[in-house]
There are 2 protein chains.
Amino acid sequence: MDSQTAAEPLIKALRVEGSLPRDDEERLRALSFRVQTYAGDETIVAEGSQPGESCLVINGFAARVHFMEDGARQISAIHIAGDFVDLHSLHLETMDHEVSALGACEVATVPHEELLRLLDESPQLMWLFWRLTVKDAAIGRAWISALGRLAADQHLAHLVCELYQRLSAVGIADDHRFTLPATQIDLADMLGLSSVHVNRTLKLLRERGLLDWQNRQVEILRPAAVAELAQFSDDYLRLSSGERRSAFRKQANR
Amino acid sequence: MDSQTAAEPLIKALRVEGSLPRDDEERLRALSFRVQTYAGDETIVAEGSQPGESCLVINGFAARVHFMEDGARQISAIHIAGDFVDLHSLHLETMDHEVSALGACEVATVPHEELLRLLDESPQLMWLFWRLTVKDAAIGRAWISALGRLAADQHLAHLVCELYQRLSAVGIADDHRFTLPATQIDLADMLGLSSVHVNRTLKLLRERGLLDWQNRQVEILRPAAVAELAQFSDDYLRLSSGERRSAFRKQANR
DNA sequence: CGGGGTATTGACTTTGCTCAAGAAGCGTGG
DNA sequence: CCACGCTTCTTGAGCAAAGTCAATACCCCG
């Protein structure tokens, strides 16, 4: 993937969120993306750094990782292709966590300066970018309730439902199957569990005939049962009011 | 507090975030706030509703609450005076959780329509509002790592540190003391614990001479020790780059 | 002075963690 | 092509953290 096409996954993601005028689309294509490839576990943005650019995932997965004093990790978010991972670094000066690759991962970076100019030119893009961070926050809240109130098997099921839903929304997953290059250790760090317990929990779900998970390939065998176990509803992933601002604008212009 | 002064806590909070031009300040004051008072545990915004207005806390505390199928609750955020709790409902059509009062609470609501018009007029305000939601998201990430990787005593200590820091930043707390009208049940629902365990954990912290917590009054007796226990750093609460956009704008206008 | 919610404590259970060892998978270099 | 080493996966055994159930005490308010 070269710099020319790096904007496409983003444009696709933004179209899901709301109307994207053609000139804004062109503005996005005109950004000078620097595309880089990372191997699994490589650091993309370091904790404590003060990035001068924002990054978005083109291909693969990235994770936000927090480190505890004893070396324990906690992953607070997973980002997939089209996610503008690091949009918030426009607002946050110093990274309070790191962003790293979850499996091989292709990432495009854009200088903050260019983004700021872009947002200055197009309030509609600012609106859409804001929206992306709001959606991330909604996902974060779902993680909080899962961490706080779901048992290990439910939580794991919830994660699988969320990822499948998000991946299929951008056409990367289909037929209740997807690829997730995460080790059981990575999973443990997402779920706030030990890797041993993740292993046992996975085994349980397999034995119950709910999931198949081998060689980074996840298959949801009984989607309804998994969703029920996880108490999963995809409402929070469909913000679905992307048109309201533009609808308002039309109204205001009358 | 009447509608005239309802904007003040918000203006104060926005000033912390970045430069707030005088005309934007006036625009905020011109919004038609409807001020309402809620008693503890009252619902401010219902789950599943499609609010046509956003609300901000003027006084007291509000909580975002998620309900599980078995009736268990999980609180995913606490909002204090000046917090624009429900700014995200501009983007999210249907509430995936409820907002309720944590103790007596004064809230001002503004119609979405007015907010959208405001944002249309002032990209700088859109930027600042975006920034507020980014800050909330940073707090949310800290909750995720605390839920996932901190033990009960550490997590409780972390919550106390966070709240004290946020409250003192807007002048509501001082001298390592603050009022928190939360029952141990509420605390349990923030920490993802049972109320019994919260009780024992509080006892432990009291016995260790770290905290005093009586009659909704919290006092941090040994701030350094509490922060160390919690592995608390206030970095994530200080986004501290509020000026960068306006700095850029000046540059761009040259 | 009751009544309802809240706080406290004990006894017991459950969930998930730690430690440890062996098996399986995988990339690399001989 | 195989052997080696490294990481990941799997499983067992014992332990620790937190949950549940239940009884009692407290406290505020009408």
Side-chain angles (χ1 to χ4, degrees), chain A residues 39-42 63 68 70-75 100-104 146-159 179-208 211-218 229, chain B residues 39-42 68 70-75 100-104 146-159 179-208 211-218 229-230:
Chain A
D41 253 6
E42 259 189 283
M68 306 287 129
D70 63 355
R73 295 197 318 165
Q74 175 67 39
I75 293 176
S100 74
L102 196 68
L147 276 161
R149 294 297 181 212
L150 296 187
D153 56 346
Q154 299 178 297
H155 194 175
L156 183 49
H158 197 278
L159 180 67
T179 301
L180 183 67
T183 64
Q184 292 181 0
I185 298 168
D186 294 328
L187 279 179
D189 292 340
M190 297 178 209
L191 302 172
L193 299 171
S194 69
S195 63
V196 172
H197 199 61
V198 166
N199 182 287
R200 295 193 221 270
T201 306
L202 266 173
K203 185 185 174 188
L204 200 73
L205 294 184
R206 256 189 254 112
E207 285 170 357
R208 284 197 244 166
L211 283 188
D212 191 47
W213 193 321
Q214 286 174 24
N215 296 328
R216 336 252 109 140
Q217 293 292 320
V218 184
L229 174 65
Chain B
D41 253 5
E42 258 189 285
M68 305 288 129
D70 62 355
R73 295 197 317 163
Q74 176 67 39
I75 293 176
S100 73
L102 196 68
L147 276 161
R149 293 298 181 211
L150 295 186
D153 56 345
Q154 299 178 296
H155 193 174
L156 183 49
H158 197 279
L159 179 68
T179 301
L180 184 66
T183 64
Q184 291 182 1
I185 297 168
D186 295 328
L187 279 179
D189 293 339
M190 296 178 210
L191 302 173
L193 299 172
S194 68
S195 63
V196 172
H197 199 62
V198 166
N199 183 287
R200 295 193 222 272
T201 306
L202 266 172
K203 185 185 175 189
L204 199 73
L205 293 184
R206 257 189 253 111
E207 284 170 358
R208 284 197 244 167
L211 283 188
D212 192 46
W213 193 320
Q214 286 173 25
N215 297 328
R216 336 252 108 141
Q217 292 294 320
V218 184
L229 174 65

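Proteins get letters first, then strands, A, B, ... in listed order; numbering begins at 1 in each.
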Quick one: is [X] getting a side-chain N or O under 4.0 Å of the [N] phosphate, OP1 or OP2?
X	N	value
B:Arg206	C:dT8	yes
B:Gln214	C:dA7	no
B:Lys203	C:dT9	yes
A:Asn199	D:dT10	yes

Fill in the blank from the handout: Closest heavy-atom pair, A:Ala182 versus A:Met190, reported as atoms and distance to 0.1 Å, is CB-CE, 4.0 Å
Problem - B:Gly148 to A:Gln74 - nearest heavy-atom pair and separation - result: CA-OE1, 3.4 Å
[X] [atom1] to [N] [atom2], straight-line distance once rounded to whole Å:
X	N	atom1	atom2	result
A:Leu187	D:dT8	CG	P	12 Å
B:Leu191	D:dA18	CG	P	11 Å
B:Leu150	D:dA18	CG	P	11 Å
A:Gln74	C:dC17	CD	P	11 Å
B:Leu204	D:dA18	CG	P	11 Å
B:Asp189	C:dT6	CG	P	11 Å
A:Leu193	C:dT15	CG	P	13 Å
B:Asp153	D:dA17	CG	P	9 Å

Regarding [X], tell me which of base, sugar-phosphate or nothing describes its non-hydrogen contacts under 4.0 Å with the strands shown.
X	value
B:Gly192	sugar-phosphate
A:Arg149	nothing
A:Thr183	sugar-phosphate

Closest nucleotide among [options] to the [X] side chain:
X	options	value
A:Arg216	D:dT11, D:dT8, C:dT6	D:dT8
B:Val196	D:dA18, D:dG12, C:dG10	C:dG10
B:Ile185	D:dG19, C:dT8, C:dT6	C:dT6
B:Arg200	D:dT11, C:dT9, C:dG16	C:dT9

Practice task
Please lay out, stage by stage, how B:Leu180 and B:Arg216 fare under the test side chain to side chain contact (heavy atoms under 4.5 Å, CB included).
Solution key: CA-CA 5 Å; B:Leu180 184 66; B:Arg216 336 252 108 141; 5.8 Å; no
Exercise for the section: Take atom CG of B:Asn215 as the centre, draw a 6.0 Å sphere, and report whether it contains more than 12 heavy atoms from other residues, nucleotides or ligands. Expected result: no
Problem - Whether A:Asp189 side chain and A:Asp186 backbone form a donor-acceptor pair below 3.5 Å - result: no
Problem - Closest-nucleotide 5' rank along DNA chain D - winner of A:Gln184 and B:Ala151 - result: A:Gln184
